[in-house]
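First comes the structure, then the notes that go with it.
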Amino acid sequence: LSVEDAIAALVNKTALNEAKVELAAMGDVAEDDAKAVALKAAIEAMEKATTQAEIDNAAATLDEAVKVYVDLSALNYQLAEAEKHIQTNYTAGTWYEFAKALEAAKAVDVTDQAAVDAAAKALADAQAALVYVGALNYYVAKAESLDAVNYTKSTWAELQAVLAAAKAVDLKDQAAIDAATAALADAIYNLGDIKAVADLTKKTIAKAEALVEAEYTVASWAPMAAA
């Protein structure tokens, strides 16, 4: 062969290398992922190719397949995140909007990239707008299960005031809900156990009664005696 003929017979494998790089960049994907399947088929055809025409045909086939490829990764991510939510943890209004967006995302035409992207965004927005009341509901139920006879009057009164505020909180304001939840949790934690207080009082009185007045100064004894 002449040099010119040899050059003409060269088979350029740039398209093959590019396809391999693109497939590797996709990482772990489902076996039936359309783009991955098309890339694998093109790579296999190019590796078997013995002429430039065969390489070019495989590359053209790959280009056509990629043109109709619809990226579902964002939609699938949002659908997976949506499954983590429990209805009772959120306000009815925000859950209603979320449920509508979720239903629409599940029913979207997966051959339409614009529709898929819009559905993914709508679902993401609906998830972000969910108002969480799970912890608040827990502490309200906890507070309502307690019995006043077991606690000191002052700490019980404080709990009732905080509980009333928690029940009246603006359910459209997540920050206010979180603050009310924290206040209620603190009020429950700070309840004074009346039995513990009574036991402590008895011990203190017994200790005082064991003291001998003659052993202390008049000035220091007077306040203790008055107590």
Side-chain angles (χ1 to χ4, degrees), residues 1-135 172 174-175 177-178:
L1 288 177
S2 67
V3 174
E4 289 185 355
D5 289 339
I7 291 174
L10 286 172
V11 178
N12 189 311
K13 65 175 184 177
T14 299
L16 170 61
N17 293 336
E18 290 176 346
K20 287 182 176 180
V21 169
E22 189 169 359
L23 179 61
M26 291 181 69
D28 294 329
V29 294
E31 291 185 4
D32 60 349
D33 182 274
K35 186 175 183 180
V37 170
L39 282 166
K40 289 175 182 177
I43 289 170
E44 183 178 356
M46 290 181 197
E47 287 179 333
K48 292 178 179 178
T50 58
T51 67
Q52 189 64 53
E54 291 174 335
I55 288 276
D56 293 343
N57 286 337
T61 300
L62 175 60
D63 286 341
E64 290 300 314
V66 171
K67 283 180 182 178
V68 298
Y69 169 73
V70 176
D71 184 1
L72 301 177
S73 59
L75 177 63
N76 288 336
Y77 172 78
Q78 293 301 333
L79 287 171
E81 288 297 299
E83 295 301 325
K84 298 176 182 178
H85 299 299
I86 300 173
Q87 182 174 354
T88 53
N89 284 337
Y90 303 94
T91 60
T94 58
W95 183 266
Y96 174 75
E97 294 300 327
F98 165 72
K100 284 201 306 181
L102 177 57
E103 183 179 357
K106 288 180 176 180
V108 72
D109 180 359
V110 294
T111 66
D112 183 338
Q113 187 69 65
V116 167
D117 292 344
K121 183 180 184 305
L123 184 54
D125 290 344
Q127 289 189 74
L130 283 169
V131 175
Y132 179 72
V133 291
K172 295 180 181 178
Q174 186 68 68
I177 290 170
D178 293 343

Exercise. Rounded to the nearest 0.5 Å, how far does CG of L75 lie from NZ of K121?
Worked result: 14.0 Å
Exercise. Can you find a pair of side-chain heavy atoms, one from I43 and one from L16, that are under 4.5 Å apart?
Worked result: yes
Exercise. Side-chain donor-acceptor pair under 3.5 Å between Q127 and E81, yes or no?
Worked result: no
Problem set entry | 4.5 Å side-chain heavy-atom contact, I177 and V133 | yes
Problem set entry | Side-chain donor/acceptor of Q113 to backbone N/O of D71, under 3.5 Å | yes
For this session: Kindly indicate whether the side chain of I55, heavy atoms from C-beta on, has any atom under 4.5 Å from the side chain of N12.
Result: no
Exercise. What distance separates D117 CG from D112 CG, expressed to the nearest 0.5 Å?
Worked result: 9.0 Å
Exercise. Heavy-atom distance under 4.5 Å between the side chains of E47 and K20, does that happen here?
Worked result: yes
Seminar exercise, completed: Looking only at heavy atoms, the pair that brings A105 and A119 closest together is CA-CB, 4.1 Å
Exercise. Does some side-chain heavy atom of V110 sit less than 4.5 Å from a side-chain heavy atom of L72?
Worked result: yes
For this session: Flag the pair K48 / E44 as yes when at least one side-chain heavy-atom distance between them is below 4.5 Å, and no otherwise.
Result: yes
Problem set entry | Shortest non-hydrogen contact between Y90 and H85, atoms and distance | OH-ND1, 2.9 Å
Exercise. Between E83 and K106, is a salt bridge (Lys or Arg N to Asp or Glu O under 4.0 Å) present by the stated rule, with each step listed?
Worked result: CA-CA 12 Å; E83 295 301 325; K106 288 180 176 180; 3.6 Å; yes
For this session: Could you give me the CA-CA distance, side-chain angles and deciding distance for L79 and L123, then say whether side chain to side chain contact (heavy atoms under 4.5 Å, CB included) is met?
Result: CA-CA 8 Å; L79 287 171; L123 184 54; 3.9 Å; yes
Exercise. Can you find a side-chain donor-acceptor pair between T50 and E54 that sits under 3.5 Å?
Worked result: yes
Exercise. How many angstroms lie between atom CD of E18 and atom CG of L39, to the nearest 0.5 angstrom?
Worked result: 11.5 Å
Exercise. Where do V108 and V116 come nearest, in terms of heavy atoms and distance?
Worked result: CG2-N, 4.0 Å
Donor-acceptor contacts under 3.5 Å from residues 92-104 side chains, at least two apart:
from, atom 1, to, atom 2, distance (Å)
T94, OG1, T91, O, 3.2
T94, OG1, T91, OG1, 2.6
T94, OG1, V131, N, 3.3

Exercise. Could you give the distance from CD (Q174) to CG (L130), rounded to the nearest 0.5 Å?
Worked result: 9.5 Å
